[in-house]
Amino acid sequence: PAELNNYLEALEEEVGIDIPLEVRIQKVESEISEKALEKLIDLIKYLFAAVKNIELYPPANKIREASIEKANESLKEIMAGLKNLTFNEVEKILLVNNKRLKYHQEKRMVIDDFLAMMIDRDIKGIQILPLIDKKELGLFLETLALNPQELREGIIAKQIKEKGIRNIK
């Protein structure tokens, strides 16, 4: 964990983007159970599917709304008892609360797709706080569904702040 924090701080300095504290990932230690780690693959799949459905379908479409709801339900189940849920991309490896996900080969594609989405949007980390609600999650997923080129160079942090998303950093 300390090594990851040092890496992220060095990367921040190297890139030279000054990210305001309110949108910066906080260093909050949160142990995640093995049971929750097992459910994370499903959450990642639901988050990715929701982003794709938001790209494909207009607002208020039933498929779009159902995918956001499924992602929200899965997230609430995993967040029970956690101080935060943090996804970090470090050299094309996904860490969740500073732990590498254990998964079988058939789940690799889900992880790879999620990592590709993060990398395409220049996202090194996503931190979700326990007070998140369905509305904030939906707004965040809508932000991720924007053209990846528009979200590069720290623009996503600005978008999150403008939309009033307080429980995702």
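Counting non-hydrogen atoms of other residues, nucleotides and ligands closer than 6.0 Å to NZ of K135 gives a total of 12 or fewer. Taking a 6.0 Å sphere around NZ of K70, one finds it holds 12 or fewer heavy atoms contributed by other residues, nucleotides or ligands.
Tested against P130 for a side-chain contact (heavy atoms from CB on, under 4.5 Å), the candidates K76, M79, K83 yield a single pass: M79.
With N84 contributing its side chain and I128 its backbone, the two residues share no donor-acceptor pair below 3.5 Å. With hydrogens and angles disregarded, a donor-acceptor distance shorter than 3.5 Å links the side chain of R121 to the backbone of L144. Side-chain atoms of N88 never come within 3.5 Å of backbone atoms of N98 as a donor-acceptor pair (strictly under, hydrogens ignored). Not a single donor-acceptor pair under 3.5 Å links the side chain of E142 to the backbone N or O of I54. A distance-only check finds a donor-acceptor pair linking the side chain of T143 to the backbone of L139 [under 3.5 Å]. Listed for the E89 side chain is no donor-acceptor partner under 3.5 Å among the backbone atoms of M118.
In plain terms, the two heavy atoms of A50 and S67 that are nearest each other are CA-OG, 3.5 Å. Closest non-hydrogen pair, R64 versus Y57, comes out as NH1-O, 2.8 Å.
Salt bridge K62/E65: absent, no basic N to carboxylate O contact under 4.0 Å.
In this structure the side chain of L85 reaches within 4.5 angstrom of the side chain of L40, judged on heavy atoms. Looking only at side-chain heavy atoms (C-beta outward), K39 and S74 stay at 4.5 Å or farther from each other. L56 is not listed as a side-chain neighbour of I63, based on a closest heavy-atom distance of 4.5 Å or more. Side-chain contact between T86 and L95 is absent, with no heavy-atom pair separated by less than 4.5 Å.
With rounding to the nearest 0.5 Å, the separation of CD in E73 from CG in D42 is 12.5 Å. Between the CD1 atom of I168 and the NZ atom of K163 there is a distance of 11.0 Å, given to the nearest 0.5 Å. Taking CD from Q127 and CG from N97, the interatomic distance works out to 8.5 Å, rounded to the nearest 0.5 Å. Atom CG of L47 sits about 6.0 Å away from atom CG of L141, to the nearest 0.5 Å. Taking CG of N53 as the start and CD1 of I68 as the end, the distance is 8.5 Å to the nearest 0.5 Å. Within the model, atoms CG of L115 and CD1 of I123 stand 11.0 Å from one another, a figure rounded to the nearest 0.5 Å.
Residues F140 and I155 do not share a hydrophobic cluster, clusters being chains of Ile/Leu/Val/Met/Phe/Trp/Tyr side chains in contact below 4.5 Å. Y46 and F114 fall into different hydrophobic clusters, where Ile, Leu, Val, Met, Phe, Trp and Tyr residues are linked whenever their side-chain heavy atoms come under 4.5 Å apart, directly or through other members.
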